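Worksheet: one structure, shown below.
For reference, positions follow the sequence shown, starting with 1. Everything numeric in this text was worked out from a predicted model, so none of it was measured.
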Amino acid sequence: MTHAIGIDIGGTKIAGGVVDHTGVIVRADRQPTPASDPDAIIEAVVQMVNGLDDGTIESVGVVAPGFFDAERSTVYYSPNINWRNEPLKARLAERLPGKRVVIENDANAAGWAEFRFGAGREHHSMVMVTIGTGVGGAIVLEDRLLRGGFGTGAELGHMRLVPDGLPCGCGMRGCVEQYCAGTALLRYANELADTGGIGAPLANARAAAGGVLNGHHVSALLESGDPGAVSCLNLLAERLGEALASYSVIIDPNVFVIGGGVAQAGSLLLDPVRDSYLRHLPARGYHPEPDFSIARLVNDAGVIGAADLARGNE
Ligand SMILES: [Zn+2]
């Protein structure tokens, strides 16, 4: 019945919660992230922990975006928070005497939460792909998070999918992220809007919005069953299924969990992803079919995963 505290430091807000052993948040708090001031962020986390702690908390998990070392003591680099080689674990432990402090990459923590309490909980090996502005995710292999030898493994969005493909922010070309992220869906939608035909409703939505399509426009058209929007989602799903088939060759998960904004399309996304996956899987027909699921914990996954990792349940 041990409660633990999870803190999820995001680019715009810090979310915290007291989490019970079943993954339920029993007390929560949030506040804006003091942008780009590393010391103020540490201070805000310490205050949030002290505010949430009723005196019984022994373990605190703190997660953030960025590259963490394999020992999970130092943040090499965090893009939005101004951390460079930050000894985060030691700094937090010093300010939270008597508490067991664990730090983790936020995508790993969210994946861990989904594995323990969400869509992956009946399985031992899981690949979670989170489709937002970019493509991220986490890998659980035989009940353990896969972090890699240097701590920066499971960068699912930057596997090469298309040789000499579109340039990516990581400096390479043809990454999964360029074909499967929410921004890729918008690119497909704009291209179809330009060609007319079934793209006309997308073009109309774009014109009504002053020439700029966003995710809400595409979602609304998807919900109404618009053939143009559905064909754009199918393009993304085709590429994503191809990527998942390649992940399978190395990881061989029992379940794929898809999260992020685009996953709200539900079976409209999952069905064509599964279809494409099966067509791209080596030795297809002779490999058991994994489950395909939409992530369940959504906004709270980071806090829940942070607390559970702090309890030492991995
Ligand atoms: Zn890339």
> What residues, two or more places apart in sequence or in another chain, satisfy salt bridge (Lys or Arg N to Asp or Glu O under 4.0 Å) together with Asp53?
Replying inline: Lys99
>> If hydrophobic clusters are built from ILVMFWY residues whose side chains come within less than 4.5 Å, do Leu202 and Leu233 share one?
In response: yes
> Does Asn105 have any side-chain contact (heavy atoms from CB on, under 4.5 Å) partners at least two apart in sequence or in another chain, and if so, which?
Replying inline: Phe68, Ala107, Asn108
> Which pairs count as side-chain hydrogen bond (donor to acceptor under 3.5 Å, both in side chains) when at least one residue sits in residues 152-176, sequence neighbours excluded?
Replying inline: none
> What residues form a side-chain hydrogen bond (donor to acceptor under 3.5 Å, both in side chains) with Lys89, not counting sequence neighbours?
Replying inline: none
> For the atom pair CD (Glu114) and CZ (Arg121), what is the distance rounded to the nearest 0.5 Å?
Replying inline: 9.5 Å
>> Starting from Val19, can I reach Leu309 by hopping between I/L/V/M/F/W/Y residues whose side chains sit under 4.5 Å apart?
In response: no
> Taking the side chain from Asp106 and the backbone from Gly302, do they hold a donor-acceptor pair closer than 3.5 Å?
Replying inline: no
> Do Ile103 and Ile14 belong to the same hydrophobic cluster, where Ile, Leu, Val, Met, Phe, Trp and Tyr are linked whenever their side-chain heavy atoms lie under 4.5 Å apart, directly or via other members?
Replying inline: yes
>> Clusters formed by hydrophobic residues whose side-chain heavy atoms approach within less than 4.5 Å: which one holds Tyr76, and what are its other members?
In response: Phe67, Tyr77
> Given a cutoff of under 4.5 Å between side-chain heavy atoms of I, L, V, M, F, W and Y, with clusters grown through shared members, what are the other residues clustered with Phe150?
Replying inline: none
> Should Leu268 and Leu186 be regarded as members of a common hydrophobic cluster, given that ILVMFWY residues are connected when their side-chain heavy atoms come within less than 4.5 Å of each other, either directly or indirectly?
Replying inline: yes
> How far does OG of Ser78 sit from CD1 of Ile9, to the nearest 0.5 angstrom?
Replying inline: 8.0 Å
>> Enumerate the side-chain hydrogen bond (donor to acceptor under 3.5 Å, both in side chains) contacts for residues 208-220, please, sequence neighbours excluded, ordered by first and then second residue.
In response: Asn214-His217
Under 3.5 Å, side-chain donor or acceptor atoms of residues 129-140 against the rest of the protein: list the pairs with distances, not counting sequence neighbours.
none

> If two hydrophobic side chains count as joined below 4.5 Å and joins carry through other members, does Ile258 share a cluster with Leu235?
Replying inline: yes
> Quick one: does Glu86's side chain have a donor or acceptor within less than 3.5 Å of a partner on Val75's backbone?
Replying inline: no
Could you go through residues 244-257 and list every donor-acceptor pair under 3.5 Å that involves a side-chain atom there, pairing it with any protein atom two or more places apart or in another chain?
residue: Tyr247; atom: OH; partner: Leu156; partner atom: O; Å: 2.5
residue: Ser248; atom: OG; partner: Tyr277; partner atom: OH; Å: 2.7
residue: Asp252; atom: OD1; partner: His287; partner atom: NE2; Å: 2.8
residue: Asn254; atom: OD1; partner: His124; partner atom: N; Å: 3.4
residue: Asn254; atom: OD1; partner: Ser125; partner atom: N; Å: 3.0

>> I'd like to know if the side chain of Arg27 and the backbone of Leu52 have a donor-acceptor N/O pair within less than 3.5 Å.
In response: yes
> Which pairs, with at least one residue in residues 225-249 and sequence neighbours excluded, count as a salt bridge (charged side-chain N to carboxylate O under 4.0 Å, His left out)?
Replying inline: Glu238-Arg279, Arg239-Glu242
> Distance from Tyr179 atom OH to Tyr188 atom OH, nearest 0.5 Å?
Replying inline: 7.5 Å
>> So if I apply the side-chain hydrogen bond (donor to acceptor under 3.5 Å, both in side chains) rule between Arg116 and each of Thr22, Asp308, Asp143, which one comes out positive?
In response: Asp308
>> Among residues at least two apart in sequence or on other chains, which ones pass salt bridge (Lys or Arg N to Asp or Glu O under 4.0 Å) with Asp271?
In response: Arg274
> Is the backbone N or O of Gly151 less than 3.5 Å from a side-chain atom of Arg72, with the two atoms forming a donor-acceptor pair by type?
Replying inline: no
>> Taking side-chain hydrogen bond (donor to acceptor under 3.5 Å, both in side chains) as the definition, give me every residue that meets it alongside Asp291, ordered by chain and number, with sequence neighbours left out.
In response: His123
